[in-house]
Student: 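Structure provided below as C-alpha cells; questions to follow.
Everything numeric in this text was worked out from a predicted model, so none of it was measured.
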Amino acid sequence: NKKNNMVSNKKELYLNCLDAVNEQIERYQKEMDLIKESMEANDVKTDYDEDNKGELLSDFEKNASRLSDAREMKESLSRIDPDHYSEKISFGSVVETSGNYYFISVPIGEISMEDGSSVYAISTEAPIYKEMEGKKEGDTFSFNDEEVKITAVG
C-alpha cells in the first residue's frame with residue numbers, strides 16, 4: 001500500500017531533510033572560512049587591490065545570509081514531529097497528490113528517498129501550499145489551472 005509506505009517513511013523523509021539542511025550549513029560555513037582566509041592573506045600583501053577585497057566581502061555576506069537561512073530552516077524542522085499524524089494538511093504534513101509527493105516543511109526542494117521516489121520539501125509560504133492548506137485526503141485543489149487530487153495525507 002503506497003499510502004502507508006509514504007506515511008511510514010515520514011521519519012526517513014524528515015531525516016533526509018535534516019541532512020540536506022545540515023549539508024547546506026556546513027557548506028556555507030566552509031565557504032566563509034575560506035573567504036576569511038583569503039581576506040587575511042590579502043591583508044598580509046601590501047599591494048592587495050580594493051576590488052578583490054570588496055568582492056570577497058560581498059561573497060562573505062552572501063554566504064552569511066545563506067547560512068542564516070539554512071539555520072532558520074533547521075530551526076523550523078526541529079518543530080516538526082515526524083510521528084505526528086494529522087488528516088488536515090498543515091505544517092509537517094506529507095501530502096501525496098495525483099502527481100507528486102510534498103513535505104510541508106522547509107523550502108529545500110527535491111529530496112530523494114531510498115526507494116527511488118522523490119518528495120518536494122516546500123514551506124508554508126509556497127503558492128501550492130496556500131491551495132492545499134487545510135484540505136484532506138480525497139479533496140482536490142486547483143494549481144496552475146490544473147485540478148490536483150490529494151490521494152493521501154500523512
Side-chain angles (χ1 to χ4, degrees), residues 1-39 54-154:
N1 180 331
K2 212 167 158 196
K3 172 189 172 177
N4 291 341
N5 185 21
M6 199 34 89
V7 174
S8 66
N9 279 359
K10 188 167 176 177
K11 202 133 205 170
E12 185 200 334
L13 177 56
Y14 176 80
L15 293 172
N16 285 0
C17 281
L18 205 52
D19 282 350
V21 170
N22 281 329
E23 258 166 47
Q24 284 189 9
I25 289 175
E26 213 170 292
R27 196 167 69 233
Y28 301 136
Q29 193 71 67
K30 248 189 213 136
E31 203 55 41
M32 286 164 73
D33 289 344
L34 287 173
I35 295 168
K36 233 184 256 173
E37 278 170 33
S38 297
M39 285 167 81
E55 214 171 284
L56 285 168
L57 207 55
S58 100
D59 276 352
F60 186 83
E61 279 160 8
K62 256 183 237 153
N63 280 287
S65 104
R66 287 183 190 135
L67 179 63
S68 94
D69 288 349
R71 286 198 172 128
E72 268 171 41
M73 287 206 274
K74 189 171 180 173
E75 177 57 40
S76 298
L77 272 176
S78 71
R79 291 198 297 270
I80 293 175
D81 175 1
D83 296 319
H84 175 75
Y85 169 79
S86 147
E87 62 177 41
K88 281 193 172 165
I89 297 173
S90 61
F91 179 66
S93 295
V94 178
V95 182
E96 182 187 324
T97 69
S98 35
N100 291 304
Y101 291 111
Y102 298 95
F103 181 33
I104 316 304
S105 52
V106 291
I108 302 177
E110 198 173 342
I111 296 285
S112 304
M113 302 292 282
E114 245 170 52
D115 64 7
S117 60
S118 283
V119 180
Y120 293 94
I122 61 172
S123 77
T124 52
E125 300 299 307
I128 193 164
Y129 174 73
K130 306 264 187 257
E131 301 299 328
M132 61 167 89
E133 184 177 7
K135 293 196 170 1
K136 298 197 282 285
E137 182 178 326
D139 288 348
T140 54
F141 63 91
S142 175
F143 188 66
N144 287 343
D145 299 326
E146 270 182 58
E147 274 290 293
V148 182
K149 189 173 169 61
I150 297 162
T151 48
V153 178

Student: Does a side-chain heavy-atom distance below 4.5 Å link Ser68 with Tyr28?
Tutor: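 Not touching, per the 4.5 Å side-chain cut-off.
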Student: Nearest 0.5 angstrom please: Ile25 CD1 to Lys30 NZ, how far?
Tutor: 13.0 Å
Student: Backbone N or O of Gly92 within a donor-acceptor pair of the Lys10 side chain at under 3.5 Å?
Tutor: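 Answer holds: yes.
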Student: Side-chain contact test, heavy atoms from C-beta onward, threshold under 4.5 Å: evaluate it for Ser90 versus Tyr129 and give yes or no.
Tutor: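 Sidechains of Tyr129 and Ser90: in contact.
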Student: Tell me if the NZ atom of Lys88 is crowded by more than 12 foreign heavy atoms within 6.0 Å.
Tutor: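 Counting other residues, nucleotides and ligands, NZ of Lys88 stays at 12 neighbours or fewer.
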Student: Is there a side-chain contact between Asn9 and Asp115 in this structure, where contact means two heavy atoms from C-beta onward sitting under 4.5 Å apart?
Tutor: yes
Student: Over all heavy atoms of both residues, which pair between Met73 and Val21 is shortest? Give the atoms and the distance, please.
Tutor: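 Answer, listing the atom of Met73 first, then Val21: CB-CG2, 4.1 Å.
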Student: Measuring from Asp19:CG to Glu26:CD, what's the distance to the nearest 0.5 Å?
Tutor: 10.5 Å
Student: For the side chain of Thr151 and the backbone of Glu96, is there at least one donor-acceptor N/O pair under 3.5 Å apart?
Tutor: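 Present.
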Student: If every non-hydrogen atom of Glu110 is compared with every non-hydrogen atom of Ser118, which pair is closest and at what distance?
Tutor: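 Heavy-atom minimum between the residues: OE2-OG, 2.7 Å.
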Student: Under a 4.5 Å cut-off applied to non-hydrogen side-chain atoms, are Ile150 and Lys136 in contact?
Tutor: no
Student: Atom CD in Glu23, atom CG in Leu18: separation rounded to 0.5 Å?
Tutor: 11.0 Å
Student: Is it true that Lys62 and Asp59 have a side-chain N and a carboxylate O under 4.0 angstrom from each other?
Tutor: yes
Student: Which atom names give the shortest non-hydrogen contact between Asn63 and Ile35, and what distance separates them?
Tutor: ND2-CD1, 3.7 Å
Student: Quick one: does Ser93's side chain have a donor or acceptor within less than 3.5 Å of a partner on Val95's backbone?
Tutor: no
Student: Check whether any side-chain heavy atom of Ile104 lies under 4.5 Å from a side-chain heavy atom of Ile122, and answer yes or no.
Tutor: yes
Student: What's the shortest heavy-atom distance between Val153 and Glu137, and which atoms?
Tutor: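 In this case the closest contact between Val153 and Glu137 is CG2-N, 3.8 Å.
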Student: Kindly indicate, with the supporting measurements, whether the criterion side-chain contact (heavy atoms from CB on, under 4.5 Å) is fulfilled by Asn16 and Ser112.
Tutor: CA-CA 8 Å; Asn16 285 0; Ser112 304; over 6 Å; no
Student: Using the side-chain contact (heavy atoms from CB on, under 4.5 Å) definition, which of the options Val94, Ile89, Ile128 pairs with Tyr102?
Tutor: Ile128
Student: Which label fits Phe103 and Tyr14: parallel for a plane angle under 30°, tilted from 30 to 60°, or perpendicular past 60°?
Tutor: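 Geometry flag for Tyr14 against Phe103: perpendicular rings.
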Student: So how far is it from Glu31 CD to Lys36 NZ, rounded to the nearest 0.5 Å?
Tutor: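 One gets 12.5 Å once the value is rounded to the nearest 0.5 Å.
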Student: Look at atom CD of Glu114 and say whether more than 12 heavy atoms of other residues, nucleotides or ligands are closer to it than 6.0 Å.
Tutor: no
Student: Indicate the atoms forming the closest heavy-atom contact of Ile111 with Ala121, along with that distance.
Tutor: CG1-CB, 4.1 Å
Student: Mind checking the CG-CE spacing from Leu13 to Met113? Nearest 0.5 Å is all I need.
Tutor: 4.5 Å
Student: From Thr97 OG1 over to Asp139 CG, what is the distance, rounded to the nearest 0.5 angstrom?
Tutor: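 CG of Asp139 is found 13.0 Å from OG1 of Thr97.
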Student: Minimum heavy-atom separation for Gln24 and Ala70, please, with both atom names.
Tutor: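 Where Gln24 meets Ala70 most closely, the heavy atoms are OE1-CB, 3.9 Å.
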